[in-house]
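What follows is a short report on a single structure.
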Amino acid sequence: MSTIRRTKIADILSAGQASADTLVKGWVRTKRGNKNVTFIALNDGSTIKNLQLVADPNDISEDLLKKVATGACLSAQGELVESQGSGQSVELLVKSLEILGEADPEKYPLQPKKHSLEYLREIAHLRPRTNTFSAVFRIRHAMTYAIHKFFNDKGFYNIHTPIITGSDAEGAGEMFRVTTLDMDNLPKNEEGAIDYKQDFFDKETNLTVSGQLEAELFALSLSQVYTFGPTFRAENSNTTRHLAEFWMIEPEVAFADLNDNMDLAEEMLQYVVKYALDNCADDLDFLHAREVEENKNKKEIDRPSMYLLDRLKFVVENQFERLTYTEAIDILRNSKPNKKKKFQYLIEGWGADLQSEHERYLVEKHFNKPVILTDYPKDIKAFYMRQNDDGNTVAAMDILFPGIGEIVGGSQREERLDKLTQRMEEMDVPAEEMGWFLDTRKFGTTPHSGYGLGFERLILFITGMTNIRDVIPFPRTPGNAEF
RNA sequence: UCCUCUUUAGCUCAGUUGGUUAGAGCAUCUGACUGUUAAUCAGAGGGUCGUUGGUUCGAGCCCAACAAGAGGAGCCA
């Protein structure tokens with residue numbers, strides 16, 4: 001092999017031009033052909049598209065070609081020429097071939113055929129070699145970048161809030177304990193309880209369930225900040241939209257009220273969807289076609305009213321519907337399924353939390369577009385949300401997306417010290433442990449707002465995947481921490 | 001955690017009111033074919049029917065427990 005540099009398949013295909021001496025490396029997707037010619041579809045992950053290698057048995061030995069099986073890794077050098085076939089513009093006439101890594105076709109778990117997502121989940125270490133998952137993870141990267149770019153361009157600062165937290169007052173769900181104590185021989189104190197004084201941090205510590213409270217501290221100093229980090233919830237949730245370890249984006253903005261907050265969230269969502277449309281066309285085209293194919297055999301009623309690319313364009317081009325919780329309750333109370341008692345939980349009066357079936361009705365049936373619900377009853381929301389003048393509601397907002405449900409949850413934060421401490425008392429939040437948080441209200445407080453965006457839920461929407469375990473490389477769910 | 005469903009070849013699935021030797025497509029292997037596009041055509045190999053126990057002359061099929069997976073609910077992002 002000569003010492004020329006590897007060319008990425010994405011670059012070869014986007015240039016689409018013949019070139020004398022070219023070196024490519026990648027993994028074999030399929031091989032086919034006859035005695036006189038062998039065709040190899042090679043993929044290196046730089047694009048969903050494959051490069052066709054053409055091997056003449058006069059140039060490449062039969063023994064070598066025999067080792068070219070699905071999954072094997074190759075290095076191939078030759079001449080890039082205009083393709084004689086119709087499926088591609090250029091192809092590589094192979095002059096020399098090296099097998100970097102063989103893959104026994106009898107044992108390699110990925111076959112050149114369609115696999116179920118459930119099966120691929122069991123071999124999550126190999127699934128990025130498939131079209132679907134390589135597309136999903138290229139898009140996931142693009143969305144990570146787009147989010148950082150969006151906030152950076154607006155003058156936000158990215159804050160790395162702690163992953164290990166000593167605060168158990170965040171109130172956003174069950175936490176994972178962090179400890180270096182010997183679990184088989186826990187030290188006890190005089191009262192017979194576990195003596196955390198002997199633990200690594202001299203106290204009980206957990207993995208974070210939210211960076212919001214820490215982000216608020218920086219919002220009240222740097223004005224506009226956001227977090228983008230891992231989040232851990234030890235809830236026993238077994239659904240297509242919950243993970244025990246997931247990634248969350250939490251902007252926090254000083255001098256912003258609930259309307260500013262909604263404007264920011266809507267602008268961000270439209271920005272990143274547009275970014276995907278502008279920059280991930282090949283992958284989205286593939287996922288779109290995949291979805292159309294999946295629904296081909298379904299009945300008319302079970303098919304989505306819009307397919308992936310149309311849904312994405314729709315979100316970019318249309319404003320989200322904004323209404324209050326109270327208005328939503330009125331719509332639901334007078335809705336057909338409520339009158340005909342089709343809801344499992346009937347809407348009778350003001351104050352109840354909305355169930356998924358209600359959110360789905362509003363988003364998928366009544367408005368048929370993303371919906372922002374605001375001003376929820378204070379009793380069903382967190383202590384830190386700003387109390388409205390009516391005394392019953394808080395300045396909260398949830399953004400609901402079709403097929404996904406809540407993708408964003410946020411609020412204007414309670415900046416008034418007396419109101420905040422009163423609410424903490426009512427909801428049994430230990431104020432004595434949160435002096436650092438209350439200090440922001442004691443010293444130079446100001447109205448501010450923020451929200452949390454579930455990154456994987458965003459990826460579900462953008463890729464059209466339907467199970468959250470298929471949009472994170474190695475999903476952690478109850479009873480499962482493989483790989 | 002609750003409810004429902006599923007578990008048969010490497011993968012995706014059929015398998016009748018319980019009956020003798022458990023099938024198909026794809027994949028794999030072998031062969032054919034002068035440029036293929038998930039190539040095509042022909043042939044071959046491949047099974048402790050999730051596990052354990054029970055009912056029965058007889059269980060892939062009926063019953064029970066357990067396990068794994070999926071979907072829905074709750075919690076939320």
Side-chain angles (χ1 to χ4, degrees), chain A residues 29-41 49-58 66 69-71 81 83-88 91 93 103-123 130-131 170-174 209-212 227 229-250 265 293 343-345 353-357 359-360 380-382 398-401 404-410 451-461 466-472 477-480 482:
Chain A
R29 286 294 173 77
T30 61
K31 181 178 78 165
R32 54 184 171 266
N34 54 42
K35 238 186 296 190
N36 304 293
V37 62
T38 298
F39 299 99
I40 301 161
K49 293 175 179 160
N50 300 325
L51 178 68
Q52 173 152 286
L53 310 186
V54 185
D56 187 321
N58 294 322
K66 223 172 173 148
T70 300
V81 298
S83 178
Q84 294 176 33
S86 58
Q88 55 282 316
E91 61 192 14
L93 291 178
D104 183 345
E106 299 271 12
K107 292 180 184 148
Y108 186 60
L110 287 171
Q111 300 159 0
K113 58 164 280 186
K114 189 174 158 43
H115 287 292
S116 68
L117 295 174
E118 291 81 6
Y119 173 68
L120 293 171
R121 225 170 275 154
E122 288 171 21
I123 50 166
T130 64
N131 287 333
E170 287 162 350
E174 293 296 312
V209 292
S210 165
Q212 179 196 319
T227 74
T231 308
F232 307 88
R233 306 259 170 103
E235 303 284 354
N236 192 6
S237 299
N238 291 288
T239 78
T240 53
R241 55 192 186 284
H242 288 88
L243 291 165
E245 176 183 290
F246 63 100
W247 291 69
M248 190 155 63
I249 295 104
E250 296 178 289
E293 184 67 26
F343 282 143
Q344 198 184 337
Y345 298 89
D353 209 348
L354 299 180
Q355 308 291 318
S356 318
E357 58 180 348
E359 294 179 353
R360 272 208 311 275
I380 59 173
K381 287 292 181 184
D398 283 358
I399 302 185
L400 310 176
F401 261 41
I404 290 153
E406 186 179 343
I407 195 167
V408 162
Y451 60 85
L453 165 75
F455 186 56
E456 284 76 16
R457 290 188 181 175
L458 174 69
I459 305 302
L460 280 180
F461 180 75
T466 53
N467 191 319
I468 202 161
R469 294 162 207 151
D470 295 332
V471 298
I472 189 165
T477 53
N480 198 333
E482 286 300 302

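Values below: all heavy atoms of this structure, side chains included; hydrogens, waters and symmetry mates excluded.
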| Using atom P of each nucleotide, how far apart are rG69(B) and rA32(B) to the nearest Å? | 46 Å
| task | Tell me whether the OP1 or OP2 atom of rG74(B) has a side-chain N or O from S356(A) closer than 4.0 Å. | result | yes
| Considering only the P atoms, how many Å lie between rU12(B) and rG53(B), rounded to the nearest integer? | 28 Å
| rG71(B) phosphate, OP1 or OP2: any side-chain N/O from R469(A) under 4.0 angstrom? | yes
| request: Identify whether any heavy atom of Q88(A) sits under 4.0 Å from a base atom; if not, whether one sits that close to sugar-phosphate; answer base, sugar-phosphate or nothing. | output: base
| query | Counting any heavy atom closer than 4.0 Å, what does I249(A) reach on the DNA or RNA strands: base, sugar-phosphate only, or nothing? | reply | nothing
| message | Under the rule for side-chain hydrogen bond (donor to acceptor under 3.5 Å, both in side chains), what residues qualify as partners of K381(A), not counting sequence neighbours? | response | D398(A)
| task | Return the set of residues passing side-chain hydrogen bond (donor to acceptor under 3.5 Å, both in side chains) with R360(A) (not counting sequence neighbours), or none when no residue passes. | result | none
| message | Rounding to an integer number of angstrom, what distance separates rG47(B) and rU56(B) when you compare their C1' atoms? | response | 25 Å
| task | Using the P atoms only, state how far rC5(B) lies from rU52(B), rounded to an integer number of Å. | result | 24 Å
| said: Assess, by modelled atom type and distance only, whether the side chains of R29(A) and N131(A) contain a donor and an acceptor separated by less than 3.5 Å. | reply: yes
| request: Can you tell me, in whole Å, how much space there is between the P of rU4(B) and that of rC57(B)? | output: 33 Å
| request: Return the set of residues passing side-chain hydrogen bond (donor to acceptor under 3.5 Å, both in side chains) with D104(A) (not counting sequence neighbours), or none when no residue passes. | output: none
| note | Closest to the side chain of N480(A), out of rG10(B), rU36(B), rG69(B), is rG69(B)
| task | Sticking with atom P, work out how far rU30(B) lies from rA73(B), rounded to a whole angstrom. | result | 50 Å
| request: Determine, answering yes or no, if F246(A) is stacked on rA77(B) under the 5.5 Å centre rule and the 30° plane rule. | output: yes
| Would you say rA70(B) has OP1 or OP2 under 4.0 Å from some side-chain N or O of R121(A)? | yes
| query | Should stems be defined as at least three consecutive Watson-Crick or G-U pairs with both distances under 3.5 angstrom, which of them involve RNA chain B? | reply | B:1-7 with B:67-73, B:10-13 with B:23-26, B:28-32 with B:40-44, B:50-54 with B:62-66
| request: Tell me which nucleotide among rU12(B), rA77(B), rC29(B) gets nearest to the side chain of H242(A). | output: rA77(B)
| message | What's the separation between atom CD1 in I380(A) and atom CG in L354(A), rounded to the nearest 0.5 Å? | response | 6.5 Å
| query | Is the phosphate of rG71(B), meaning OP1 or OP2, less than 4.0 Å from a side-chain N or O of R241(A)? | reply | no
| message | Of the listed nucleotides (rU37(B), rC11(B), rA77(B)), which one gets closest to any side-chain atom of S86(A)? | response | rU37(B)
| task | Would you mind classifying the nucleic acid contact of E245(A) as base, sugar-phosphate or nothing, using non-hydrogen atoms under 4.0 angstrom? | result | nothing
| said: Roughly how many Å apart are rA42(B) and rU48(B), using the P atom of each and rounding to a whole number? | reply: 29 Å
| What is the nucleic acid contact for G85(A), judged by heavy atoms within less than 4.0 Å: base, sugar-phosphate only, or nothing? | base
Review item, nucleotides 38-45 of chain B N/O atoms under 3.5 Å of protein N/O:
from	atom 1	to	atom 2	distance (Å)
rA39(B)	OP2	T30(A)	OG1	3.1
rA39(B)	OP2	R32(A)	NH1	2.2

| field | Proximity to the side chain of Q111(A) - top-ranked nucleotide from rC11(B), rG72(B), rC75(B) | value | rC11(B)
| said: My understanding is that only residues two or more places apart in sequence, or in another chain, count here; which of them pass ring pair (Phe, Tyr, Trp, His ring centres under 6.0 Å) with Y119(A)? | reply: H115(A)
| task | Between rC66(B) and rU7(B), how far apart are the C1' atoms? Round to whole Å, please. | result | 14 Å
